[in-house]
Colleague: 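One structure, pasted below without further comment.
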2 protein chains.
Amino acid sequence: MGNQKLYKGSLQTIILKLLESNDKMYGYEITQHVKELTKGELQITEGALYPALHKLEADGLLDVEVAKVGNRLRKYYKLTENGTKETANKLAEMQEFLKTMQHLVNPKFSLE
Amino acid sequence: MGNQKLYKGSLQTIILKLLESNDKMYGYEITQHVKELTKGELQITEGALYPALHKLEADGLLDVEVAKVGNRLRKYYKLTENGTKETANKLAEMQEFLKTMQHLVNPKFSLE
DNA sequence: ATTTTATACCTAAGATTTCTATGCATCAAA
DNA sequence: TTTGATGCATAGAAATCTTAGGTATAAAAT
């Protein structure tokens, strides 16, 4: 709660990037991972995460594998072949955006 | 058309930043400015821009001044006092986000 | 022993932002 | 005289995220 610094579309990219680095992960794991990696900067809410995972799966970018750990369910997600390609695209897009915004926002460049 | 996607909330920040640098601007001018500054990377659509300007005005961050140039209307927007403060906040937030995403997305850091 | 916290999944309602598609009007250039 | 650029605007749809719940297991704290 209370983070709100996510920008539209960035969640998908974050998920895909994590799965590119980690082969397979489950939802809760993703939220914890992002929290740690960003030192609490970004908090992925579950209300955003799970629908996003379902959409990525529906779009054919992720595969699911259900595992039972003790008496509890876990849904492991991993990139499909197509998902791997799309990850590369999204990452390139994001980097372009970051570069552009860096330039726009950087105080060194006052925009004339 | 066919440009990159804007990320949620970034348009507001872009507008505010431009007005911080330029004192006053009108809508169409903003779209052209962004297009030039980003070499066509970012295209602000008018369907996004005008509602955004109206919202910033309604929120008390911008003032409007209508000017007549020839026989044509122009609405010049400029930061209010409050708008100047909020601009600083939004810019700081954006920079935090850029830094965080840079870190998440940078291929040099494979996320473990 | 029981309450709280952490783990683990989920959805629905609403707000917000942006995109697409239009519309109107002025003016310069082809 | 038609096209393209300038300049404003809105309506409907798509996409994403927040808020606010819900269910359930397991560990830790009281």
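Reminder, nothing fancy here: chain letters follow the sequence lines and each chain counts from 1. Values in this document were obtained by computation on a predicted structure and should not be read as measured data.
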Colleague: Give the rounded distance in Å between these two atoms: CD1 of B/Ile44 and P of C/dT20.
Modeller: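 The distance from CD1 of B/Ile44 to P of C/dT20 comes to 13 Å, rounded to the nearest Å.
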Colleague: Of all the choices, D/dT6, C/dT7, D/dC17, which nucleotide is nearest to the side chain of B/Arg72 once you look at every atom?
Modeller: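 Looking only at heavy atoms from C-beta outward on B/Arg72, the closest nucleotide is D/dT6.
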Colleague: If you assign each of A/Ala52 and A/Gly70 to its closest nucleotide in DNA chain D, which residue comes earlier from the 5' end?
Modeller: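 Nearest-nucleotide comparison on DNA chain D picks A/Ala52.
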Colleague: What integer distance in Å separates A/Asn71:CG from D/dA27:P?
Modeller: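 These atoms are roughly 11 Å apart.
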Colleague: Expressed as a whole number of angstroms, how long is the span from B/Leu56:CG to C/dT16:P?
Modeller: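 Answer to the nearest Å: 13 Å.
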Colleague: Could you state the atom-to-atom distance from CD1 of B/Ile15 to P of C/dT17 in whole Å?
Modeller: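 Computing the B/Ile15:CD1 to C/dT17:P distance gives 11 Å.
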Colleague: Name all residues meeting the salt bridge (charged side-chain N to carboxylate O under 4.0 Å, His left out) criterion together with B/Glu20; count only those two or more places apart in sequence or in a different chain, and write none if there are none.
Modeller: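 Salt bridge (charged side-chain N to carboxylate O under 4.0 Å, His left out) list for B/Glu20, sorted by chain: B/Lys17.
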Colleague: Could you tell me whether B/Lys90 and B/Glu93 make a salt bridge, using a distance below 4.0 angstrom between a side-chain N and a carboxylate O?
Modeller: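 No salt bridge links B/Lys90 with B/Glu93.
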Colleague: Among residues at least two apart in sequence or on other chains, which ones pass salt bridge (charged side-chain N to carboxylate O under 4.0 Å, His left out) with B/Asp59?
Modeller: B/Lys55
Colleague: How many whole angstroms separate atom NZ of B/Lys55 from atom P of D/dT10?
Modeller: 15 Å
Colleague: Rounded to whole angstrom units, what separation is found between the CG atom of A/Asp59 and the C1' atom of D/dA15?
Modeller: 12 Å
Colleague: Just how far is it from atom CD of B/Glu96 to atom OG1 of A/Thr38, taken to the nearest 0.5 Å?
Modeller: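 B/Glu96 CD to A/Thr38 OG1: 10.0 Å, rounded to 0.5 Å.
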Colleague: Rounded to whole Å, please give me the gap between CD1 in A/Ile30 and P in C/dT7.
Modeller: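 Rounded to whole Å, this separation is 15 Å.
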Colleague: The side chain of A/Ser10 is closest to which nucleotide in this list: C/dT18, D/dG7, D/dC17?
Modeller: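 For the A/Ser10 side chain, the nearest candidate turns out to be D/dC17.
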Colleague: Give every donor-acceptor pair under 3.5 Å between a side-chain atom in residues 63-75 of chain A and any protein atom, sequence neighbours left out.
Modeller:
residue, atom, partner, partner atom, Å
A/Arg74, NH1, A/Tyr76, OH, 3.0
A/Arg74, NH2, A/Tyr26, OH, 3.4

Colleague: Among C/dT17, D/dT6, C/dA6, which is the nearest nucleotide to the side chain of A/Lys8?
Modeller: C/dT17
Colleague: With A/Lys35, which residues qualify under salt bridge (charged side-chain N to carboxylate O under 4.0 Å, His left out), at least two apart?
Modeller: none
Colleague: Can you list everything that forms a ring pair (Phe, Tyr, Trp, His ring centres under 6.0 Å) with B/Tyr7? Sequence neighbours excluded, please.
Modeller: A/Phe97
Colleague: What are the atom names and distances for every N/O pair under 3.5 Å that joins the protein to nucleotides 9-12 of chain C?
Modeller:
residue, atom, partner, partner atom, Å
C/dC9, OP1, A/Lys75, N, 3.1
C/dC9, OP2, A/Gly27, N, 3.4
C/dC9, OP2, A/Tyr28, N, 2.5
C/dC9, OP2, A/Tyr50, OH, 2.9
C/dC9, O5', A/Tyr50, OH, 3.3
C/dC9, N4, A/Glu46, OE1, 2.9
C/dC10, OP1, A/His54, NE2, 3.4
C/dC10, OP1, A/Lys75, NZ, 2.7
C/dC10, OP2, A/His54, NE2, 3.4
C/dT11, OP2, A/His54, ND1, 3.3

Colleague: Is there a side-chain polar atom (N or O) of B/Thr45 under 4.0 Å from OP1 or OP2 of C/dC19?
Modeller: yes
Colleague: Which nucleotide sits closest to the side chain of A/Gln12: C/dT7, D/dT16, C/dT26?
Modeller: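 From the listed options, D/dT16 comes nearest.
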Colleague: Give the rounded distance in Å between these two atoms: CG of A/Leu49 and C1' of C/dT7.
Modeller: 14 Å
